Amino acid sequence: MALTKADLAEALFQELGLNKREAKDFVELFFEKIGEALGQGDTVKLSGFGNFDIRRKGRRPGRNPKTGEAVPIAERRVVTFRASHKLKERVDSHARSGG
Amino acid sequence: MTKSELIQSLVASQPQLDQRDVELAVKGLLERMCRALQVGERIEVRGFGSFCLHHRPARLGRNPKTGASVQVPERHVPHFKPGKELRERVDQ
């Protein structure tokens, strides 16, 4: 089982009393705003959760793994996520306690 | 963009919610996501990406200062895989 947008909307409905429509719209907009900032090349820093950074990857020669044919990979920009210390600690302490 | 800038931006586009509600909602979403990862549950957001845990096996490390070898216990670290839409958006 994975946590989805529907589950997040349900949490806003249950815990904050947003109505179902508002909760669903809010969740959409939350990820949309983050995506928009990243699309503009902006870093997104969410304290207690983590940072999304944009990294530039240089051009490099690649290969089609199926045919072995050489294909150039153009310069590109990618998103990376660095979890905050707080989140790392939470994840790790739980894992160690056997959960 | 920081968390408070994200909150401001959401307040601007959700005029029916007051600032306090938006703050609570943003914190609530992040807390719910942290809790999922904490119990080893994946997060899947269509168009944005997915979060899961990666396992790091125990290994023999070294204290870089003293050179003494230390046992580093196994651990789990959060990992994010951007979705197709986000990848394309960032790389345009």
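Below, chains carry the letters A, B, ... as their sequence lines are ordered, and counting in each starts from 1. Owing to the predicted nature of the structure, the values given are computational and were not obtained by experimental measurement.
Linking Ile, Leu, Val, Met, Phe, Trp and Tyr residues whenever their side-chain heavy atoms come within less than 4.5 Å places L30(B) and L38(A) in a single cluster. No single ILVMFWY cluster, assembled from side-chain heavy atoms under 4.5 Å apart, contains both L24(B) and F13(A). Hydrophobic cluster membership is shared by I7(B) and F49(A), with clusters built from Ile, Leu, Val, Met, Phe, Trp and Tyr side chains linked at under 4.5 angstrom.
One N or O on the side chain of D91(B) and one on the backbone of R77(A) form a donor-acceptor pair closer than 3.5 Å. Remark: side-chain polar atoms of K3(B) are paired, donor with acceptor, to backbone N or O of S47(A) under 3.5 angstrom.
Proximity to chain B (any heavy atom under 4.5 Å) is restricted, for L12(A), to the side chain, taken from C-beta onward. Contact of Q40(A) with chain B is not made at all, since no heavy-atom distance falls under 4.5 Å. For V44(A), the parts lying under 4.5 angstrom from a heavy atom of chain B are both the backbone and the side chain. Proximity to chain B involves both the backbone and the side chain of L29(A), based on heavy atoms less than 4.5 angstrom apart. Residue A25(B) touches chain A through both its backbone and its side chain, counting heavy-atom pairs closer than 4.5 Å. Contacts of T4(A) with chain B are made by both backbone and side-chain atoms, with heavy-atom separations under 4.5 Å.
Contact tally against chain A (heavy-atom pairs below 4.5 Å) for L29(B), D21(B), L10(B): the top residue is L29(B). Among K86(A), E32(A), E22(A), R82(A), the residue making the largest number of heavy-atom pairs under 4.5 Å with chain B is E32(A). Note on G28(B), C34(B), S4(B), A36(B): by heavy-atom pairs under 4.5 Å with chain A, the leading option is C34(B). For chain A, the option among K27(B), H79(B), R46(B) with the highest count of heavy-atom pairs below 4.5 Å is R46(B). For the set E75(A), R76(A), E15(A), the entry with the most heavy-atom pairs within less than 4.5 Å of chain B is R76(A). For the set R89(B), E44(B), E41(B), the count of heavy-atom pairs under 4.5 angstrom toward chain A peaks at R89(B).
Rounding to the nearest 0.5 Å gives a distance of 11.0 Å between CD of E89(A) and CD of Q38(B). Between Q16(B) atom CD and R21(A) atom CZ the span is 11.0 Å, to the nearest 0.5 Å. We find the CG-CD distance between D92(A) and E74(B) to be 9.0 Å, quoted to the nearest 0.5 Å. The distance from atom CG of L37(B) to atom NZ of K88(A), rounded to the nearest 0.5 Å, is 13.0 Å. Remark: L18(A) CG to L17(B) CG distance equals 5.5 Å, nearest 0.5 Å.
Between R42(B) and M1(A) the shortest side-chain heavy-atom distance does not fall below 4.5 Å.
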Exercise for review: With side chain to side chain contact (heavy atoms under 4.5 Å, CB included) as the test, would you mind laying out the steps for V79(A) and F80(B) before giving the verdict?
Suggested key: CA-CA 9 Å; V79(A) 189; F80(B) 173 65; 4.3 Å; yes

Exercise for review: May I have the step-by-step check of side chain to side chain contact (heavy atoms under 4.5 Å, CB included) for L3(A) and R32(B), ending in yes or no?
Suggested key: CA-CA 9 Å; L3(A) 188 79; R32(B) 184 69 193 81; 3.4 Å; yes

Review point. Please walk me through it: do K33(A) and S9(B) pass side-chain hydrogen bond (donor to acceptor under 3.5 Å, both in side chains)?
Key: CA-CA 8 Å; K33(A) 294 283 185 192; S9(B) 162; 3.2 Å; yes

Exercise for review: Walk me through it: do V78(A) and V90(B) pass the test side chain to side chain contact (heavy atoms under 4.5 Å, CB included)?
Suggested key: CA-CA 6 Å; V78(A) 296; V90(B) 163; 5.8 Å; no

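The two residues H76(B) and V91(A) come nearest to each other via the heavy atoms O-CG1, 3.4 Å. Residues M33(B) and L8(A) approach most closely at CG-CD2, 4.0 Å, considering heavy atoms.
Judged as a salt bridge (Lys or Arg N to Asp or Glu O under 4.0 Å), and not counting sequence neighbours, E5(B) has no contacts.
Of residues 54-62 of chain A, those residues with a non-hydrogen atom less than 4.5 Å from any non-hydrogen atom of chain B are, in numerical order, I54(A). Contact annotation for residues 48-65 of chain B against chain A (heavy-atom separation below 4.5 Å, listed by residue number): F48(B), F51(B), L53(B). Contacts of residues 81-88 of chain B with chain A at a heavy-atom distance below 4.5 Å involve P82(B), L86(B), listed in sequence order.
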